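Here's the structure, in structure tokens; my notes come after.
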Amino acid sequence: MAMMPARVKYRKMQRGCRAGDATRCNAVAFGEYGLQALERCWMDTKQIEAARVAIARHMKRRGKMWIRIFPDKSFTKKPLEVRMGTGKGGVESWVAVIKPATILFEVDGIPEALAREAMRLAANKLPIRTRFVSRHHLA
């Protein structure tokens, strides 16, 4: 089951503003190590899930993981070969708005080498450049 809000006030949302850096969720808050976004994007539910599975598989039930992002924005798309007009398209899927400096995932209770490798595997599943950060060495 894909991640999506249980209920929203309005199903169809406007595109919104993508400019600027993250002013919140930009520090490691729960765990010891984190994966930080360096670019902006709309991250799909499938991309988040693929990264989560990659981290969980590598950790092998050791430590704890936090997912710091949630796809709470809907985006719409019209079907192929449909004429202009006749209203806004249907909801295609749900995305999380990612700005630079956003912490995407956090882990704790495992050695740094294991955490670094788990985050590397997760980063390969994501559409943006990321970096490994720790609670103590975050600039």
Side-chain angles (χ1 to χ4, degrees):
M1 185 67 192
M3 291 199 302
M4 60 185 284
R7 53 193 293 270
V8 290
K9 190 168 184 182
Y10 298 109
R11 249 176 356 110
K12 296 178 181 179
M13 300 181 186
Q14 293 188 330
R15 294 178 71 83
C17 174
R18 288 167 42 113
D21 290 354
T23 55
R24 57 186 81 201
C25 293
N26 58 3
V28 179
F30 300 99
E32 189 64 32
Y33 308 107
L35 189 66
Q36 188 177 44
L38 297 176
E39 298 172 357
R40 68 187 80 247
C41 74
W42 280 357
M43 204 169 283
D44 200 356
T45 57
K46 289 179 182 173
Q47 293 163 342
I48 297 170
E49 179 64 12
R52 182 195 70 79
V53 168
I55 294 171
R57 283 223 176 109
H58 191 71
M59 285 172 52
K60 294 183 183 157
R61 293 173 57 185
R62 296 193 297 266
K64 185 164 169 54
M65 172 175 47
W66 291 266
I67 305 171
R68 295 286 307 274
I69 52 176
F70 186 80
D72 54 1
K73 178 183 182 62
S74 64
F75 85 94
T76 61
K77 191 173 181 184
K78 286 195 161 190
L80 287 173
E81 300 180 11
V82 170
R83 292 184 176 185
M84 293 286 107
T86 69
K88 194 169 168 76
V91 172
E92 178 78 5
S93 76
W94 295 83
V95 294
V97 179
I98 307 298
K99 293 184 174 184
T102 303
I103 301 292
L104 308 173
F105 297 93
E106 291 184 26
V107 294
D108 200 358
I110 57 174
E112 182 175 348
L114 191 70
R116 200 175 279 275
E117 179 63 13
M119 293 302 183
R120 186 189 68 77
L121 293 169
N124 288 338
K125 306 290 184 188
L126 301 177
I128 54 172
R129 289 187 306 116
T130 58
R131 72 174 180 174
F132 180 84
V133 291
S134 69
R135 183 187 285 269
H136 304 296
H137 304 302
L138 191 59

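All of these numbers come straight from a predicted model, not from anything done at the bench.
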Backbone of Arg11 reached by a side-chain donor or acceptor of Ser74 within 3.5 Å: yes
For Phe132, the option from Gln36, Glu112, Arg120 that meets side chain to side chain contact (heavy atoms under 4.5 Å, CB included): Glu112
Spacing of Ile103 atom CD1 and Phe30 atom CZ [to the nearest 0.5 Å]: 11.5 Å
Worked verdict on Arg135 versus Asp108 for side-chain contact (heavy atoms from CB on, under 4.5 Å): CA-CA 10 Å; Arg135 183 187 285 269; Asp108 200 358; 6.0 Å; no
Backbone N/O of Gln14 and side chain of Lys73: donor-acceptor pair under 3.5 Å: yes
Lys99 side chain to Ala37 backbone, donor-acceptor under 3.5 Å: no
Cluster link Val97 to Phe75, ILVMFWY, side chain under 4.5 Å: yes
Interatomic spacing from CZ in Arg24 to CZ in Arg68 - rounded to 0.5 Å: 12.0 Å
Ile55 side chain reached by Leu35 side chain, heavy atoms, under 4.5 Å: no
Sidechain-backbone polar pair: Arg18 side chain, Cys41 backbone, donor-acceptor under 3.5 Å: no
Pairwise distance CZ(Arg131) to CE(Met119) - rounded to 0.5 angstrom: 13.5 Å
Non-hydrogen atoms of Pro5 and Pro71 that approach each other most closely: CD-O, 3.4 Å
Straight-line distance of Ile69 CD1 to Met3 CE, nearest 0.5 Å: 6.5 Å
Cationic N near anionic O, under 4.0 Å, Lys46 to Glu49: no
Beyond-backbone contact of Phe105 with Ile67, side-chain heavy atoms, under 4.5 angstrom: yes
Donor-acceptor contact present, side-chain Glu117 to main-chain His58, <3.5 Å: no
Sequence neighbours left out, cut at 3.5 Å: what donor-acceptor pairs do the side chains of residues 77-87 make with other protein atoms?
residue	atom	partner	partner atom	Å
Lys78	NZ	Gly85	O	2.3
Lys78	NZ	Gly87	O	3.0

hydrophobic_cluster_shared for Ile110 and Leu121, side chain cutoff 4.5 Å: no
Contact check, side chains of Ile98 and Trp42, non-hydrogen atoms, under 4.5 Å: no
In one Ile/Leu/Val/Met/Phe/Trp/Tyr side-chain cluster, 4.5 Å: Tyr33, Leu38: no
Minimal non-hydrogen separation, Ile48 against Ala96, with atom names: CD1-CB, 4.2 Å
Side-chain heavy-atom pair Leu126, Met43 within 4.5 angstrom cut-off: yes
Side chain proximity check, Val28 to Trp66, heavy atoms < 4.5 angstrom: no
4.5 Å side-chain heavy-atom contact, Val8 and Trp94: yes
Greater than 12 external heavy atoms within 6.0 Å of Lys125's NZ: no
